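Note sheet for the following structure.
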Protein chains: 2
Amino acid sequence: MNQQYMGKTLRLLYPQWQGGYDESEFPGQIYPLGARLLAWLAPASEAPLVEVPVEKWAGGNAPKEGGVFYRQEILRQMRAARSIIDAHTPERIITFGGDCLISQAPFAYLNERYGGKMGVLWIDAHPDVTTPDDFDHAHAMVLGNLLGRGEPLMAAEVRLPLKPEQVALVGVNNVLPHEQNTIDRLGLTVMPGRDVMHDSTVVTAWMRERELECVAVHLDLDVLDPSLFRSLLFANPAVEKHIEAERGKNRIQEIGRLLADVAAQAHVVGMSFAEHMPWDALNLQKMLSALPFMR
Amino acid sequence: MNQQYMGKTLRLLYPQWQGGYDESEFPGQIYPLGARLLAWLAPASEAPLVEVPVEKWAGGNAPKEGGVFYRQEILRQMRAARSIIDAHTPERIITFGGDCLISQAPFAYLNERYGGKMGVLWIDAHPDVTTPDDFDHAHAMVLGNLLGRGEPLMAAEVRLPLKPEQVALVGVNNVLPHEQNTIDRLGLTVMPGRDVMHDSTVVTAWMRERELECVAVHLDLDVLDPSLFRSLLFANPAVEKHIEAERGKNRIQEIGRLLADVAAQAHVVGMSFAEHMPWDALNLQKMLSALPFMR
């Protein structure tokens with residue numbers, strides 16, 4: 001066992017909602033609850049759990065800057081997350097999000113720490129490589145930012161960008177034309193969800209070819225089939241008709257097996273959980289909070 | 001404000017699963033998680049939160065005694081719950097369950113305390129008045145027990161049985177023939193789910209007619225439509241084909257409004273939440289616990 005991977009773990013509670021800002025609900029409720037619930041469900045550990053300060057929704061219109069919602073606040077949070085990480089200098093970071101952007105500061109730090117030799121598994125129904133030219137929600141730009149593209153000011157926070165050959169997109173089935181252009185131009189590896197349904201060999205073979213000693217794993221829970229795992233955007237019971245967008249096809253047991261197989265082959269130095277939206281829990285919490293006799 | 005209702009509240013964490021024992025899953029996992037998650041979601045309070053000790057699943061076949069599963073263990077838990085309540089002598093009991101039986105000890109205590117003058121709102125898709133002659137899962141017998149029927153040994157734990165005129169069943173739409181016989185014989189009031197969808201007047205009028213100063217409310221979450229609130233038995237994503245049984249038709253917002261309207265008219269001295277089955281949370285917890293790097 002390599003000594004450089006035997007050190008400290010930091011757990012980050014990162015309740016960011018601004019990158020996935022949604023006008024159709026009360027903004028800023030579901031993402032923070034999802035982050036806290038993930039941290040509550042995680043097994044006990046000696047690792048410190050540190051919360052990244054995130055502004056609550058203040059009402060009114062969402063600010064749009066440079067084509068994306070809440071750019072300044074998102075940048076402030078990224079820098080706060082980095083300051084917390086620098087204070088701890090961990091070997092491993094577990095991040096409970098929050099929207100997909102919660103992986104940027106941890107993965108940027110880890111790529112520096114491991115000298116650009118870290119693999120990145122981006123498990124997601126979407127490739128997260130859009131830019132403000134095509135979309136206004138920054139959570140869809142985070143992998144682009146880490147690759148030195150995406151949203152320019154956010155990308156500028158990444159001191160050592162990932163190289164495309166470090167990255168595998170897992171669970172991406174269909175992409176939009178502008179996403180395909182970026183994937184093709186960068187030569188990103190894409191593994192559709194069906195390739196990891198029955199076993200993990202496409203991923204572990206990819207890791208072995210690259211002789212990866214360590215990996216950071218981003219798990220956007222929207223890679224899961226929303227008819228079986230309902231704590232997702234597209235399973236919000238308050239929405240009658242969801243927008244057309246790609247939905248995940250995998251089962252949580254398949255993803256659990258994949259993560260365990262990856263961990264058996266390399267050091268998992270980063271692990272992020274993103275886009276957890278526990279609607280039932282939020283609705284229960286609202287009901288309980290409104291009852292005077294519960295106070 | 002009547003002074004007798006201004007006293008102490010006790011919160012009970014009652015992770016009982018034996019009354020709703022299900023061979024088709026790993027027994028004893030989902031009910032305790034549901035109870036703990038409810039307690040976690042509840043607003044902060046100065047009320048003490050006391051856990052009723054509940055045996056974990058020990059493997060092997062479930063014991064069946066007198067026609068019901070786990071009768072002895074359920075009786076032991078009822079007595080433990082009563083001992084905890086007697087130690088605190090609360091004016092109000094909030095109970096986080098657990099299967100439906102978790103209401104028996106609190107409601108029996110409260111009916112004694114308030115001299116048989118308490119109303120009981122039993123909000124549930126099922127009337128919970130079966131007996132071991134017709135079923136082997138004791139959670140379907142709890143209201144029967146409180147009325148002096150149901151399962152004989154459990155009913156014997158109730159010192160002052162409820163009178164049928166104290167009780168309204170809310171959200172019960174269709175019942176089995178043996179349940180209908182009991183409802184008719186006792187003359188229980190039944191309000192179908194559609195009667196409380198738009199407003200609460202059928203319930204508040206029923207309370208006013210009886211001049212009820214205080215009520216205990218049992219909320220079996222299965223009164224909710226499982227296509228909109230998925231943390232329920234009939235929304236278990238691991239089950240391909242669910243058994244034929246009555247499903248709830250109400251929305252959580254309707255039930256929240258009903259509870260608030262009830263609380264505006266009478267003192268809610270008992271409030272139980274039962275049959276909460278957070279499948280997504282359980283599946284996430286299992287995945288997280290299986291990952292070596294999360295330890």
Side-chain angles (χ1 to χ4, degrees), chain A residues 5 9 11 33 36-47 92 94 96 217 219 221 224-225 227-232 235 237-238 251-253 255-257 259-260 262-264 267-271 273 276-295, chain B residues 5 9 11 33 36-47 92 94 96 217 219 221 224-225 227-232 235 237-238 251-253 255-257 259-260 262-264 267-271 273 276-295:
Chain A
Y5 303 116
T9 296
R11 290 185 173 192
L33 181 63
R36 290 180 208 291
L37 181 50
L38 278 165
W40 184 76
L41 289 168
S45 158
E46 289 176 10
R92 176 190 288 125
I94 309 288
F96 304 110
V217 182
L219 175 55
L221 290 166
L224 301 175
D225 180 341
S227 73
L228 297 173
F229 184 89
R230 290 78 165 228
S231 302
L232 298 174
R251 287 174 171 263
I252 193 167
Q253 291 81 6
I255 300 302
R257 185 214 65 231
L259 296 179
V262 165
H267 299 278
V268 177
V269 292
M271 179 77 230
F273 303 94
H276 181 217
M277 301 195 185
W279 302 109
D280 291 347
L282 180 65
N283 286 324
L284 278 174
Q285 188 183 55
K286 286 183 182 179
M287 182 180 77
L288 293 167
S289 300
L291 298 175
F293 56 82
M294 291 297 299
R295 296 285 166 189
Chain B
Y5 303 115
T9 296
R11 289 185 174 192
L33 181 63
R36 290 180 209 290
L37 181 50
L38 278 165
W40 184 76
L41 289 168
S45 158
E46 288 178 10
R92 177 190 288 125
I94 309 288
F96 304 110
V217 182
L219 174 55
L221 290 167
L224 301 175
D225 180 341
S227 73
L228 297 173
F229 184 89
R230 290 78 164 229
S231 301
L232 297 174
R251 288 176 170 262
I252 193 167
Q253 291 80 5
I255 299 302
R257 185 213 66 231
L259 296 179
V262 166
H267 299 279
V268 177
V269 293
M271 179 76 230
F273 303 94
H276 180 219
M277 302 196 186
W279 302 110
D280 290 349
L282 181 65
N283 286 324
L284 278 174
Q285 188 183 54
K286 286 183 182 179
M287 183 180 77
L288 293 167
S289 300
L291 298 174
F293 56 80
M294 292 296 299
R295 297 284 166 189

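Naming convention: chains lettered A, B, ... in sequence-line order (proteins, then strands); numbering from 1 in each chain. Computed from a predicted structure; not experimentally measured.
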Does atom CZ (A:Arg257) have a neighbourhood of more than 12 heavy atoms from anything else shown, all under 6.0 Å? yes

Nearest-0.5 Å distance that lies between atom [atom1] in [X] and atom [atom2] in [Y]:
X	Y	atom1	atom2	result
A:His267	B:Phe293	NE2	CZ	13.0 Å
A:Leu219	A:Met271	CG	CE	5.0 Å
B:Arg295	B:Ser289	CZ	OG	5.0 Å

Heavy-atom proximity to chain A below 4.5 Å, by part of [X]:
X	value
B:Leu228	both
B:Leu232	neither
B:Ile252	both

Please look at [X] and chain B and tell me whether the side chain, the backbone, both or neither of the residue comes under 4.5 angstrom of a heavy atom of that chain.
X	result
A:Leu291	side chain
A:Arg92	side chain
A:Leu221	side chain
A:Ala235	both
A:Glu46	neither
A:Pro278	neither

Checking side-chain contact (heavy atoms from CB on, under 4.5 Å) for the pair B:His276/B:Leu33: CA distance, chi angles, key distance, verdict? CA-CA 9 Å; B:His276 180 219; B:Leu33 181 63; over 6 Å; no

Between B:Arg251 and B:Leu224, is there a side-chain heavy-atom distance shorter than 4.5 Å? no

Tell me, out of A:Asp280, A:Leu37, A:Leu41, A:Leu288, who's got the most heavy-atom pairs with chain B below 4.5 Å. A:Asp280

Leading residue by heavy atom contact count with chain B [cutoff under 4.5 Å; candidates A:Thr9, A:Val268, A:Val269]: A:Val268

